Amino acid sequence: MKVTFPHMGNAWIVIQTLFESLNVDVVVPPFNSKRTLNLGTKLSPESACLPLKLNLGNYLEAANAGADTIVITGGIGPCRFGYYGEVERQILWDAGYNYEVVTLEPPDGSLAGLAKRIRFLAGRKNSWAKILKAMRFAYLKSVALDRVEDLIHAARPRLSHPLYTEKLYESAKQRLAQTMTEKGVQDAVRWVQETIRERQEGLNSMNEGSNKPLRIGIVGEIYTILDPFSSVGIEEELGRLGVEVDRSIYLSGWVGSHIFRGIAPGYRSIRSYPRHAKPFLPHFVGGHGLETVGAAVKFAREGYDGIIQIFPLSCMPEIVAASVLPKVQETYKIPIMTLIVDEHTGHAGIQTRLEAYVDLLERPRLLRESIQTREGVLGVGG
């Protein structure tokens, strides 16, 4: 058995670590690219959403490396993600790829079904003690990856060279991918913290990087949030524009809530979102629609300058959330922009919209600074 899986941001590092800890052959598909999307689009129904098309492209590329088993998480409620496992299996079989598909989800809220599938993937040679140890280590690595992402979000608008920040981020991911000890994980995070701090101290001594950046919260469907290819790299682009980004969902928080039913909260727990969303959306609508609204309210209450919702074309839960967000915008007087992506989305178009949006958010600040400068010159308010 050679296991593969869909590419979704940094999840590959966690999944690879889990299977390598259990001595299970794993094929990491190539990073998402235009080629991946083109391959998947050829097999997909036209109305299928972007993640499904990328998933299929991942599996076709992994098949060339000998993969024969797919592991994918499941879902519940009015979201097509819950059908991905079976739909993708049938599409692949019709195309001549005899993949075994293992869907990891606790059926009806029970962990027994999840345990059965994990046992199948791990094989009888691994004891439950070893399996649980491997799962714990993979989870710790997912938390560390999320911490690193958060550090990079804060560093992008504050460090003077965007290329340096991205090289630091790539180096950190490689360190975390390669280490197989808890100390190594901790050392990697500490190295990123210290490197950023040293760099910022050097900039501050030259009176650079001292401006307080705009803050934008990213909300929406999990795949397009976590996967930079799907989001057309908006987090990096916003950082280049001098914006500090935060997002509604981080990998470890989603795993802890979705797979392990809240047993492990993750780096950023998503448990509070239904409470924040209740005045605007009081019930579950499938996917991450409820989390999108709840996170938008939370960001607004915390004084963020703007919110961007991003989701794949035809994603019903996010369409519901998008219909509610104008009420959040009106209530909290915060600009909210929606970006919808599919296989035709281009970088130039997204870049132009982001630049215009950031300019819009900058106007109130520039106006305040202008008034303050004028008052200082005239001696007003002193």
Side-chain angles (χ1 to χ4, degrees), residues 1-29 62 66-74 85 100-151 171-193 222 226 249-271:
M1 179 172 66
K2 279 193 173 183
V3 177
T4 193
F5 50 88
H7 239 305
M8 184 177 71
N10 293 330
W12 70 271
I13 297 175
V14 179
I15 300 170
Q16 180 186 52
T17 295
L18 175 62
F19 286 120
E20 287 185 349
S21 297
L22 297 172
N23 296 315
V24 174
D25 287 338
V26 59
V27 175
V28 178
D68 54 31
T69 302
I70 295 167
V71 58
I72 185 173
T73 56
E100 178 80 26
V101 179
V102 180
T103 305
L104 296 181
E105 59 182 343
D108 300 321
S110 168
L111 292 174
L114 176 62
K116 182 178 179 180
R117 289 167 173 79
I118 291 172
R119 165 55 74 191
F120 170 77
L121 292 167
R124 295 293 173 185
K125 62 182 179 296
N126 289 303
S127 66
W128 272 112
K130 186 175 182 180
I131 293 172
L132 291 174
K133 182 179 179 181
M135 291 174 66
R136 176 182 176 275
F137 180 61
Y139 170 74
L140 290 175
K141 192 174 280 192
S142 73
V143 173
L145 280 162
D146 290 343
R147 289 183 63 194
V148 167
E149 277 197 284
D150 208 15
L151 289 166
S171 296
K173 288 190 288 186
Q174 287 301 317
R175 288 186 180 218
L176 285 168
Q178 293 168 6
T179 186
M180 294 302 288
T181 67
E182 289 188 27
K183 183 180 183 301
V185 171
Q186 295 167 358
D187 288 346
V189 176
R190 191 178 302 112
W191 173 74
V192 176
Q193 291 174 319
I222 184 172
L226 296 186
I249 302 175
Y250 285 78
L251 178 63
S252 61
W254 176 75
V255 169
S257 174
H258 184 75
I259 302 298
F260 298 114
R261 298 300 192 196
I263 295 175
Y267 175 67
R268 292 281 187 87
S269 174
I270 63 177
R271 293 180 186 176

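Note that the coordinates shown come from a computational prediction; the quantities given were computed from them, not determined experimentally.
- Applying the salt bridge (charged side-chain N to carboxylate O under 4.0 Å, His left out) criterion to K125, with sequence neighbours excluded, gives no partner residue.
- Distance check: D68 CG to E100 CD gives 9.0 Å after rounding to the nearest 0.5 Å.
- K130 pairs by the side chain to side chain contact (heavy atoms under 4.5 Å, CB included) definition with L22, N23, N126, S127, not counting sequence neighbours.
- With values rounded to the nearest 0.5 angstrom, S142 atom OG is found 10.5 Å from L176 atom CG.
- Between V26 and W12 the shortest side-chain heavy-atom distance does not fall below 4.5 Å.
- With sequence neighbours left out, D187 forms a salt bridge (charged side-chain N to carboxylate O under 4.0 Å, His left out) with K183, R190.
- Residue Q178 is tested with R175, M180, Q174 for a side chain to side chain contact (heavy atoms under 4.5 Å, CB included); the sole match is Q174.
- A distance of 8.5 Å separates CG in L140 from CD in Q186, rounded to the nearest 0.5 Å.
- At a threshold of 4.5 Å between non-hydrogen side-chain atoms, the residues V3 and V27 do not count as touching.
- Taking CZ of F5 as the reference point, atom CG of L104 lies at 12.5 Å (rounded to 0.5 Å).
- For S269, the side chain to side chain contact (heavy atoms under 4.5 Å, CB included) partners at least two apart in sequence or on another chain are P265, R271.
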* To do: Go through the steps for M135 and L18 under the test side chain to side chain contact (heavy atoms under 4.5 Å, CB included), then give the verdict.
  => CA-CA 6 Å; M135 291 174 66; L18 175 62; 3.8 Å; yes
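- The CG atom of D25 sits 12.0 Å away from the OG1 atom of T4 when rounded to the nearest 0.5 Å.
- Here Y267 pairs with Y250 under the ring-ring contact (aromatic ring centres under 6.0 Å, His included) rule; sequence neighbours left out.
- Annotation: side chain of V24 is not in contact with side chain of K2 (no heavy-atom distance under 4.5 Å).
- Shown here are the side chain to side chain contact (heavy atoms under 4.5 Å, CB included) partners of L226, two or more places apart in sequence or in another chain: M8, I222, R247, L251.
- Here the closest non-hydrogen pair linking S252 and D146 is OG-OD2, 2.6 Å.
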* To do: Just do the side chain to side chain contact (heavy atoms under 4.5 Å, CB included) check on I13 and L145 with the steps written out, would you?
  => CA-CA 9 Å; I13 297 175; L145 280 162; 3.8 Å; yes
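- With contacts defined as side-chain heavy-atom distances shorter than 4.5 Å, the pair R117/L121 does not qualify.
- When the salt bridge (charged side-chain N to carboxylate O under 4.0 Å, His left out) test is applied to R147, no partner is found at least two apart in sequence or on another chain.
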* **Steps toward side chain to side chain contact (heavy atoms under 4.5 Å, CB included) verdict (R268, D150)** => CA-CA 10 Å; R268 292 281 187 87; D150 208 15; 2.8 Å; yes
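- In terms of the salt bridge (charged side-chain N to carboxylate O under 4.0 Å, His left out) criterion, residue partners of R136 (sequence neighbours excluded) are, by chain and number, E182.
- For A138 against T17, the heavy-atom pair with the smallest separation is CA-CG2, 4.5 Å.
- Applying the side chain to side chain contact (heavy atoms under 4.5 Å, CB included) rule to T179 yields the partners K141, T181, V185; only residues at least two apart in sequence or on another chain are considered.
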* For V101 and I72, run side chain to side chain contact (heavy atoms under 4.5 Å, CB included): C-alpha distance rounded to whole Å, both residues' side-chain angles, the deciding distance at 0.1 Å, then the answer. => CA-CA 8 Å; V101 179; I72 185 173; 4.2 Å; yes
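- At a threshold of 4.5 Å between non-hydrogen side-chain atoms, the residues F120 and M1 count as touching.
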